[in-house]
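There's a structure below that I have some questions on.
By convention here, the first residue in the shown sequence is residue 1. Indexing begins at 1, ligand by ligand and atom by atom, following the structure's order. When reading the values below, keep in mind they use all heavy atoms of this one structure, side chains included, and skip hydrogens, waters and symmetry mates.
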Amino acid sequence: MTDLTRDAVLGFIGGSGIYEIDGLTNTRWETVESSFGTPSDQLLFGELDGQQLVFLPRHGRGHKLNPTGINYRANIDAMKRAGVTDIISLSAVGSLKEEYAPGHFVLVDQFIDRTFSREKTFYTNGCAAHVSFSHPVAERLQAALAEACRKLDLPHDVNGTYICMEGPQFSTFAESTLYRSWGCAVIGMTNMPEAKLAREAEIPYATVAMVTDYDCWHPDHDSVTVEQVIKVLTGNAEKARNLVRTVAPMLAKRPEVDHQGGDDALEYALITHPDARDPALVAKLDAVAGRVLNR
Ligand SMILES: CSC[C@H]1O[C@H](OP(=O)(O)O)[C@H](O)[C@@H]1O
Ligand SMILES: Nc1ncnc2[nH]cnc12
């Protein structure tokens, strides 16, 4: 059993319907500057029984940003600068399987990225890197979330593939049927490239995919509407807040290095020769890659 010797700073990224988390003490919204642009909002810092938590509303308070307009790089960079060691994403999704009814939570373990109009890496020309990403979800976080769901008696399943579409329009029937034929469990518009960037920043990541609808493949649910999604969102958001309060203490301590979760993802990932690196880009990478660039 790994020694849990390090204090964790848990970061939560709240999706549709989750624009703050209540029940925290010593709270403050604070602007965290990123070298990659503007994050979705200020970060909410707070404590839960003395444990430090950081929260970011992915779409900004008031849901100002659409999935394509979110600056995922700035969000992850800001979380790294805020000292976040682990990220849990709380996300609304459509269900691609009969058994995942609205209100069901899926603790996904895989992603398929179908987005095409987003900045997906921190490591552009001048400092190229290739991180491993075969297992994108941190098992330690996923296991704690499963335990917390069991404690709270929340209907949930462990494992399943989240397919990320560009949006903002919902899928066509043909697309929805195709994704089902690929065995995907749920569909959303935001967890890519977020999960990729978290790995590139060496922050273990897990997702609670909270089902709001049956997308459009289901014979009894012809098409998705925001109205339908919002009806379910409110109940899901309440469950998610309970989940945060239950899971946080379980993850208060973490291993020094969570290899499986990607704490050392950059160890052998940088490929640009130090002499060939672009100093301006290297400077921007001070938070996400400081561990390997400054040694
Ligand atoms: C309002 S439904 C569509 C919207 O909700 C999901 O966002 P998030 O993952 O931030 O909860 C989905 O990906 C779409 O962005
Ligand atoms: N059906 C759906 N497709 C994509 N993103 C979603 N978010 C919530 N429901 C969704």
Side-chain angles (χ1 to χ4, degrees), residues 11-21 39-41 55-72 75-76 79 87-98 100-108 111-118 137 160-180 182 184-198 205-218 220-241 243-244:
F12 290 90
I13 301 183
S16 298
I18 306 182
Y19 309 106
E20 60 180 324
I21 40 177
S40 296
D41 206 328
F55 172 79
L56 175 65
R58 178 183 287 124
H59 302 272
R61 281 168 284 180
H63 205 119
K64 293 186 291 285
L65 303 171
N66 86 353
T68 302
I70 293 168
N71 186 335
Y72 296 92
N75 286 353
I76 296 296
M79 286 217 138
I87 292 178
I88 291 174
S89 147
L90 306 166
S91 278
V93 294
S95 167
L96 296 172
K97 289 188 190 272
E98 180 81 52
Y100 302 154
H104 201 87
F105 285 8
V106 185
L107 308 175
V108 301
F111 296 100
I112 293 178
D113 189 357
R114 294 260 305 170
T115 66
F116 49 79
S117 186
R118 305 173 186 194
V137 166
T161 299
Y162 172 125
I163 185 153
C164 193
M165 63 183 295
E166 184 63 46
Q169 302 84 359
F170 292 115
S171 306
T172 63
F173 179 76
E175 287 165 336
S176 199
T177 307
L178 174 69
Y179 304 149
R180 270 168 54 73
W182 289 350
C184 298
V186 293
I187 180 159
M189 304 178 190
T190 61
N191 279 206
M192 286 288 155
E194 191 173 87
K196 287 178 171 168
L197 294 163
Y205 181 95
T207 288
V208 183
M210 305 181 296
V211 174
T212 52
D213 54 83
Y214 269 118
D215 204 42
C216 64
W217 60 271
H218 197 290
D220 301 339
H221 303 269
D222 196 30
S223 57
V224 200
T225 63
V226 167
E227 185 197 16
Q228 177 190 337
V229 167
I230 286 172
K231 268 192 199 147
V232 183
L233 266 184
T234 320
N236 280 356
E238 189 47 42
K239 290 189 226 166
R241 280 190 274 270
L243 187 59
V244 168

Salt-bridge present (R114, E175; N to O < 4.0 Å): no

G188 neighbourhood, listing ligand 1 atoms whose heavy-atom distance to it stays under 4.0 Å: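 Every atom of ligand 1 under 4.0 Å from some heavy atom of G188: 13 (O).
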
Which bit of M189 is near ligand 1, meaning a heavy atom under 4.0 Å away: side chain, backbone, both or neither? both

Suppose we measure from atom 3 (C) of ligand 1 to each protein heavy atom; which comes out shortest, and what is that distance?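 Looking at atom 3 (C) of ligand 1, the protein heavy atom closest to it is F170 CE2, 4.2 Å.
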
Ligand 1 atoms in contact with T190 (distance to a heavy atom under 4.0 Å): 7 (O), 8 (P), 9 (O), 10 (O), 13 (O), 15 (O)

Considering heavy atoms of the protein only, find what lies nearest to atom 10 (O) of ligand 1 and give residue, atom and distance to 0.1 Å.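 The protein heavy atom lying closest is H59 NE2, 2.6 Å.
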
To which protein heavy atom is atom 2 (S) of ligand 1 closest, and what is the distance rounded to 0.1 Å? V229 CG1, 3.7 Å

Among protein heavy atoms, which sits nearest to atom 9 (N) of ligand 2, and what does the distance come to when rounded to 0.1 Å?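 It is D213 OD2, 2.6 Å.
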
For ligand 2, note which part of V93 has a heavy atom under 4.0 Å away: side chain, backbone, both or neither. backbone

Out of all atoms in ligand 1, which are within 4.0 Å of some heavy atom of G15? Include the element for each. 8 (P), 10 (O), 11 (O)

Taking both backbone and side-chain atoms of R58, is any N or O found less than 3.5 Å from an N or O belonging to ligand 1?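 Yes, at least one N or O pair falls under 3.5 Å.
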
Nearest to atom 5 (O) of ligand 1, what protein heavy atom do you find, and at what distance? S16 OG, 2.8 Å

May I ask you to decide if the ring planes of H59 and H63 are parallel, tilted or perpendicular, using 30° and 60° as cut-offs?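 Parallel, since the angle between the ring planes stays under 30°.
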
May I ask you to list the atoms of ligand 1 that are less than 4.0 angstrom from any heavy atom of S91?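 Those of ligand 1 that fall under 4.0 Å from S91 are 9 (O), 11 (O).
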
Where's the contact between I187 and ligand 2, heavy-atom distance under 4.0 Å: side chain, backbone, both or neither?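 Both backbone and side chain.
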
Can you confirm whether K231 is buried at NZ, in the sense that more than 12 heavy atoms of other residues, nucleotides or ligands lie under 6.0 Å from that atom?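 No, NZ of K231 has 12 or fewer neighbouring heavy atoms, counting only those of other groups under 6.0 Å.
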
Could you find the nearest protein heavy atom to atom 10 (C) of ligand 2 and give me its residue, atom name and distance?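 Here the closest protein heavy atom is G94 N, 3.4 Å.
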
For ligand 1, is any non-hydrogen atom under 4.0 Å from P67's backbone (N, CA, C, O), its side chain (CB onward), both, or neither?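 Under 4.0 Å from ligand 1, P67 contributes side-chain atoms alone.
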
Which residue and non-hydrogen atom of the protein lie closest to atom 7 (N) of ligand 2, and at what distance in Å?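 Closest protein heavy atom to atom 7 (N) of ligand 2: A92 O, 3.5 Å.
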
